[in-house]
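Single-structure report; data block below.
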Amino acid sequence: MILKEMQIVAKTDGTMSEENGSRPDCANAKISIVVATFNRRDSLMRLLESFSKQTCPSFEIIVVSDGSTDGTVHMLHELKGHIGKLRVIDAENRGPGAARNAGARVASADYLAFTDDDCVASEDWLDQFLLAFEQTGAVAVQGRTTTERLSRSPLTHQMEILTPQLKTLPTCNVAYLKSAFKAVGGFDESFKFAHNEDADLAWRIEEVGKIVFVPEAKIMHPPRPDSFWKRACWVQALEGDFLLYHKNRDKYRKYRSFSPWWNICWNIFIVGQIRMIKANCKYLLKPFRPHYFFVGMALVAARWLNLIRFFPIYYKASNSYRKKYSGK
């Protein structure tokens, strides 16, 4: 049975008994882990296994299935009898921001730790977050995220955060004081894609307190294979730049660009694509992977075409959000 193969043993206090399967009391948890997931059952299993090895004595796990159809919810309900303090929310598909907010609403602890369903946490991940909150008085803490560089390819997604990125706070490795998270309204659920909703929250959270970077809070984000089409169509998510800009023009100009049009046309369409071409050329050196080079160059061409194809969507988003936030 897959549960026994994983041999997950929760280390939280008041853990659920494997024999009787009763629900544990989460009232004394120091920190709540919130994970939004969508059709990544296998990688989610690896993440949950890393949670079972946490040295933190008191925490809860809240997994929100954002409309998954791959058996994720069934797997999670099976695991509830084997992992202490696991709470499962089966929600309709509304995007990662809405899913994370749903998890945060039911969290019982004073701190919220967020990571993604394709990550793996170090054993002292939660302890390092709690120590940082206690020693610095911060309202948000960003950890260090690494990846397996040799496993990267043009068709993989990965995150690597080795130095502070306190103006974006990617949700693969971040924790918030729950009262501060609640005070600013959590994630803005109007962001349609998993892009910019984390920066938007970071810009609002910095208004209520300090944000710190703690490299000891480590997350591994292994390269995740994606389809060619998904990687090529990522640029559609750039419509969220217009929402981010019109919500807070001053900070967008300060942290990103003087205009979302300039960011898309110059930083993405020109500079970003040239960087991709240079990165693809490395596959012609050691290690020699010419098939990665050709796939990568095809991806560059497809993104250029999609940037042009999605311009009407960007234009519509620009006008829509300008009207919505015209009073700001």
Gap separating the CD atom of Gln273 from the CG atom of Leu299, nearest 0.5 angstrom: 7.5 Å
Mutual orientation of the aromatic rings belonging to His221 and His157 [parallel < 30°, tilted 30-60°, perpendicular > 60°]: perpendicular
Validation row, ring centre Tyr252 to ring centre Tyr245 under 6.0 Å: yes
Under-4.0 Å salt bridge between Asp118 and Arg224: yes
Enclosure of Lys167 NZ (heavy-atom neighbours >12, cutoff 6.0 Å): yes
Salt-bridge contact Lys30-Glu134 (side-chain N to carboxylate O under 4.0 Å): no
Residues, nucleotides or ligands: over 12 heavy atoms within 6.0 Å of Tyr315 OH: no
Flag, side chain of Lys80 to backbone of Val88, donor-acceptor distance under 3.5 Å: no
Modelled atom types, side-chain donor and acceptor of Asn263 and Ser257, under 3.5 Å: no
N/O donor-acceptor pair under 3.5 Å between Trp304 side chain and Phe269 backbone: yes
Any side-chain heavy-atom pair of Thr168 and Tyr255 under 4.5 Å: no
Thr136 (side chain) donor-acceptor with Ala132 (main chain) under 3.5 angstrom: yes
Side-chain donor/acceptor of Asp117 to backbone N/O of Leu44, under 3.5 Å: no
Separation between CZ of Arg309 and SG of Cys233, rounded to the nearest 0.5 Å: 5.5 Å
Donor-acceptor contact below 3.5 Å, side chain Gln128 vs main chain Val214: no
Check: Gly272 main-chain N/O paired with Arg275 side-chain donor or acceptor under 3.5 Å: no
More than 12 heavy atoms of other groups within 6.0 Å of His77 NE2: yes
Verdict with reasoning, Arg149 to Glu160, per salt bridge (Lys or Arg N to Asp or Glu O under 4.0 Å): CA-CA 9 Å; Arg149 292 190 173 189; Glu160 190 169 55; 2.9 Å; yes
Minimum-distance pair of heavy atoms, taken over all atoms of Pro215 and Arg144: O-CB, 3.3 Å
Lys178 atom NZ, over 12 foreign heavy atoms within 6.0 Å: yes
Closest heavy-atom pair and its distance - Ser108, Glu60: N-OE2, 2.7 Å
Point-to-point distance, once rounded to the nearest 0.5 Å, from NZ of Lys182 to CG of Leu112: 11.0 Å
Asn306 and Arg303 side chains, donor-acceptor separation under 3.5 Å: no
Trp261-Phe311 aromatic ring centre distance below 6.0 Å: yes
Salt bridge (charged side-chain N to carboxylate O under 4.0 Å, His left out) partner of Asp116, the single match among Arg46, Arg100, Arg40: Arg100
Criterion salt bridge (Lys or Arg N to Asp or Glu O under 4.0 Å) on Asp188 and Arg204, from CA distance to verdict: CA-CA 11 Å; Asp188 185 341; Arg204 286 181 284 123; 5.7 Å; no
Sidechain-backbone polar pair: Asn93 side chain, Asp66 backbone, donor-acceptor under 3.5 Å: yes
Which atom of Ala217 lies closest to which atom of Asn173, heavy atoms considered: O-ND2, 3.0 Å
Shortest non-hydrogen separation from Tyr283 to Ser153 and the atoms involved: OH-CA, 3.5 Å
CA sep, side-chain torsions, deciding dist, call: Phe133, Tyr111, ring-ring contact (aromatic ring centres under 6.0 Å, His included): CA-CA 9 Å; Phe133 280 119; Tyr111 301 100; 4.4 Å; yes
Leu162, CG: over 12 other non-hydrogen atoms inside 6.0 angstrom: yes
Lys192 NZ: over 12 foreign heavy atoms closer than 6.0 Å: no
Any donor-acceptor pair under 3.5 Å from Asp200 side chain to Leu244 backbone: no
Cys281 side, atom SG; Lys278 side, atom NZ - distance, nearest 0.5 Å: 9.5 Å
Centroid-centroid distance, Phe114 to Phe181, less than 6.0 Å: yes
SG on Cys172 to CD on Gln142, rounded to 0.5 Å: 8.0 Å
Side-chain donor or acceptor of Asn280 paired with backbone N/O of Tyr292 under 3.5 Å: no
Flag, side chain of Glu197 to backbone of Pro96, donor-acceptor distance under 3.5 Å: no
Separation between CG of Leu243 and CG of Asn196, rounded to the nearest 0.5 Å: 8.0 Å
pair Asp241-His195: side-chain heavy atoms closer than 4.5 Å: yes
